[in-house]
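Before any comments, here is the structure.
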Amino acid sequence: MEANKTAQDMNVKVPLISKIAYGFGDVGCNFSWMFVSNFLMIFYTDVCAIPMTAVSLLMLISRFWDAINDPIIGSLSDRTNTRWGRYRPWLLIGAPLTAIILVLTFWAHPNWSDGSKTIYMYVTYCLLVCGYTCVNIPYGTLCGALTQNIEERAQINTSRSVCAMVAINIINIITLPLIAAFGGDNQAQGYLLVTILYGSIFTACHWFCFAKTKEVVTPPVKENIPLGVQLKAVMQNKPYLIALAGQLLFGVTHYGRSANLLYYFKYVEGNEALFTTYSMVLMVPSILGAAAFPFVFRWLGNKGRTAALFSAGTGVSMLALYFFNAVETPVPFYICAALSQFFFCGFNTAIYAIIPDCVEYGEWKTGIRNDGFQYAFVSLGNKLGMAIGTATLAGVLGMLGFQANQAQGAAVQSVIHHSFSTVPGVLWLITAVVLFFYQINKNSYNRIIAELAARKEVP
């Protein structure tokens, strides 16, 4: 009976509406997290007038908090047991609460003292990180609970990535015009009203995902497993450790560059409005890159090497970006930007499609299935990477004398320029090398699932 149930789980065909709804979950995530990644640092420095060094320290301190709460939330979501499943209830309850904290985070207080503004920044950001964790970890883990069919999972993650890339580009295109429309000369008011809008979208998207998805993969019945035992099991999961290293490098590279984008167009190109043009150019390559993943995966048969191929393409394209700019050489600049976005979106789809397969491998290898716990470390690795990338950028700019809303010196401009092109380019190539060693392919995955089913058949 158990073997039949496992076979059914593996062959579940996820309805189209559920794939779309799951994709919309990442639309919601990006109206929170990518908005934060692309706009919060410049909001702190250029709108709230908080020193760059304080922002750099915040990014490091908040990651210590992540190191505590991410595995705990992942483990708690694994142990959740409701009529709605393990992970979906977290979307229902966590989304509106996180949206409220998001609004508080982007609520500037220009008349407060520097000390008060800094303390407020630390408290609201750490609360936001915790709230986002309570939504994003269950959301990411939910994919593995929808089906065990490797092709279906690839399609689900393609839906997720396409929706995410469209959302990110929409955010990048509309945010600055909306801030100007809502706030006029009062940027603080513009940011606050935009955040209220984005928080509402964040909540609505996760409620839609909750309503139109269904958890069908049932976890094995087991006793509560101590965190230490779960951690030991994770350390024996080599494909997962490779994926985790890829996520850490991804966080360093992607989020560090994202935080730098507005600084690049404002202080190097000399025109902040070019950020909107740049984002518009990336819209179509984003969709095409995410949609290309299933075809490349079908060709290579290995999600890790698929991610490595896309990562290498991203790196080469970004290295080429250094030699052009949007003002003097716009055609090659935007061609390189479009290529880098195409490859990046293929990578983004592949790297998240890897994780559910690693969960099955871990269960096969150790006998322990801990979806949420493993996804928590993926989230933590990604956030640690984000901390390293953004804190390093902020720290170096602070040491070189960055002054908000003023012309920058040659050293500051050089760091911003390299952080836009050569530094992420090299890191993407390193990421490609790491992920090349990922070993799970279609055939080995199907053998693992068959062996798990056979084990459950034995009384």
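The analysis underlying the following values was restricted to heavy atoms, covering all of them including side chains, and did not include hydrogens, waters or symmetry mates. The chain is numbered in sequence order, starting from 1.
Of all heavy-atom pairs spanning T203 and A95, the tightest one is OG1-O, 3.6 Å. A pairwise comparison of heavy atoms in F297 and T306 identifies CA-OG1, 3.6 Å as the closest pair. In terms of heavy-atom proximity, A307 sits nearest to L435 at CB-CD1, 3.8 Å. For the residue pair S421 and M318, the shortest heavy atom distance occurs at CB-O, 3.4 Å. Pairing each heavy atom of Q189 with each of F182, the nearest pair is NE2-O, 3.0 Å. Listed here is the closest heavy atom pair of T147 and I156: CG2-CD1, 4.0 Å.
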**Prompt:** After noting the C-alpha distance and the side-chain angles of I440 and N302, does the key distance pass the side-chain contact (heavy atoms from CB on, under 4.5 Å) rule?
**Reply:** CA-CA 6 Å; I440 298 176; N302 181 308; 6.0 Å; no
**Prompt:** Can you list the steps and then say if Q155 with K19 is a side-chain hydrogen bond (donor to acceptor under 3.5 Å, both in side chains)?
**Reply:** CA-CA 8 Å; Q155 293 176 22; K19 293 174 182 175; 2.6 Å; yes
**Message:** Under the criterion side-chain hydrogen bond (donor to acceptor under 3.5 Å, both in side chains), I'd like the reasoning laid out for S286 against N169: C-alpha separation, chi angles, the key distance, then a yes or no.
**Reply:** CA-CA 8 Å; S286 297; N169 283 287; 2.7 Å; yes
**Request:** Carefully, step by step, assess K266 and D46 under the rule side-chain contact (heavy atoms from CB on, under 4.5 Å).
**Result:** CA-CA 11 Å; K266 183 175 181 177; D46 291 23; 2.7 Å; yes
**Message:** Determine whether Y263 and S419 satisfy the following criterion, side-chain hydrogen bond (donor to acceptor under 3.5 Å, both in side chains), listing intermediate values before the conclusion.
**Reply:** CA-CA 10 Å; Y263 290 99; S419 298; over 6 Å; no
**Request:** I would like to know whether L393 and M41 meet side-chain contact (heavy atoms from CB on, under 4.5 Å); could you show each step before the answer?
**Result:** CA-CA 10 Å; L393 173 66; M41 195 164 104; 3.7 Å; yes
**side-chain contact (heavy atoms from CB on, under 4.5 Å) evaluation trace for I287 with M165** = CA-CA 7 Å; I287 299 170; M165 293 305 109; 5.8 Å; no
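No donor-acceptor distance shorter than 3.5 angstrom exists from the side chain of Y352 to the backbone of T158, with no hydrogens or angles considered. Side-chain N or O atoms of Q408 include one that pairs as donor or acceptor with a backbone N or O of Q403 at under 3.5 Å. In terms of modelled atom types and a separation under 3.5 Å, the side chain of Y267 and the main chain of N405 share a donor-acceptor contact. Not one N or O on the side chain of T124 forms a donor-acceptor pair closer than 3.5 Å with the backbone of T105. Looking only at distances, a side-chain donor or acceptor of Y139 sits under 3.5 Å from a matching main-chain atom of Y22. A donor-acceptor pair is defined here as one N or O able to donate and one able to accept, closer than 3.5 Å; such a pair exists between the side chain of N30 and the backbone of D26. In this structure a side-chain-to-backbone donor-acceptor pair under 3.5 Å is present from S113 to S116. Side chain of S32 to main chain of G28: no donor-acceptor pair is present (N/O by atom type, distance under 3.5 Å, no hydrogens or angles). Within the 3.5 Å criterion, the main-chain N or O of F436 finds a donor-acceptor partner in the side chain of R305.
Using a 4.5 Å cut-off on side-chain heavy atoms (C-beta onward), R160 and F24 make no contact. Within the 4.5 Å cutoff, the side chain of Y125 has heavy atoms near those of the L40 side chain. The side-chain heavy atoms of F420 and L321, taken from C-beta on, include a pair separated by under 4.5 Å. In this structure, the side chains of L274 and V327 come closer than 4.5 Å at one or more pairs of heavy atoms. Within the 4.5 Å cutoff, the side chain of T329 has heavy atoms near those of the P332 side chain. Within the 4.5 Å cutoff, the side chain of T141 has no heavy atoms near those of the W90 side chain. At a threshold of 4.5 Å between non-hydrogen side-chain atoms, the residues I50 and D114 do not count as touching. Counting only heavy atoms from C-beta outward, the side chains of F275 and T175 never approach each other to under 4.5 Å.
The aromatic rings of F342 and F310 sit perpendicular, their planes meeting at an angle over 60°, well past the 30° parallel limit. Aromatic ring pairs are classed by plane angle as parallel below 30°, tilted from 30° to 60° and perpendicular above 60°; the pair F43 and F106 is tilted. The aromatic rings of F250 and Y255 lie tilted to each other, with the angle between the two planes from 30° to 60°. Relative orientation of the Y278 and F265 rings is tilted, given thresholds of 30° and 60° on the angle between their planes. Below 30°, between 30° and 60°, or above 60°: for W107 and H109 the angle between ring planes is between 30° and 60°, a tilted geometry.
A cation-pi geometry, defined here as NZ or CZ lying under 6.0 Å from the six-membered ring centre and within 45° of its normal, holds between R88 and F210.
Atoms CE and CD1, on M34 and I171 in that order, are 7.5 Å from each other to the nearest 0.5 Å. Atom OG1 of residue T195 and atom OH of residue Y191 lie 9.0 Å apart, to the nearest 0.5 angstrom. Rounding to the nearest 0.5 angstrom, the gap separating the CD1 atom in I101 from the SG atom in C130 is 7.5 Å. With values rounded to the nearest 0.5 angstrom, L16 atom CG is found 8.0 Å from S159 atom OG. Within the model, atoms CD1 of I173 and OG1 of T276 stand 8.0 Å from one another, a figure rounded to the nearest 0.5 Å. In this structure, S37 OG and I168 CD1 are separated by 8.5 Å, a value rounded to the nearest 0.5 Å.
Remark: aromatic rings of F344 and H254 are close, center separation under 6.0 Å. Centroid-to-centroid, the aromatic rings of Y361 and Y240 stay 6.0 Å apart or farther. Ring centroids of F347 and W428 are separated by less than 6.0 Å, placing the two rings close together. F202 has its ring centre no less than 6.0 Å from the ring centre of F35. In this structure, the ring of F31 has its center less than 6.0 angstrom from the ring center of Y198.
Of the candidates E272, E269, R257, Y264 forms a side-chain hydrogen bond (donor to acceptor under 3.5 Å, both in side chains) with just one, namely E269.
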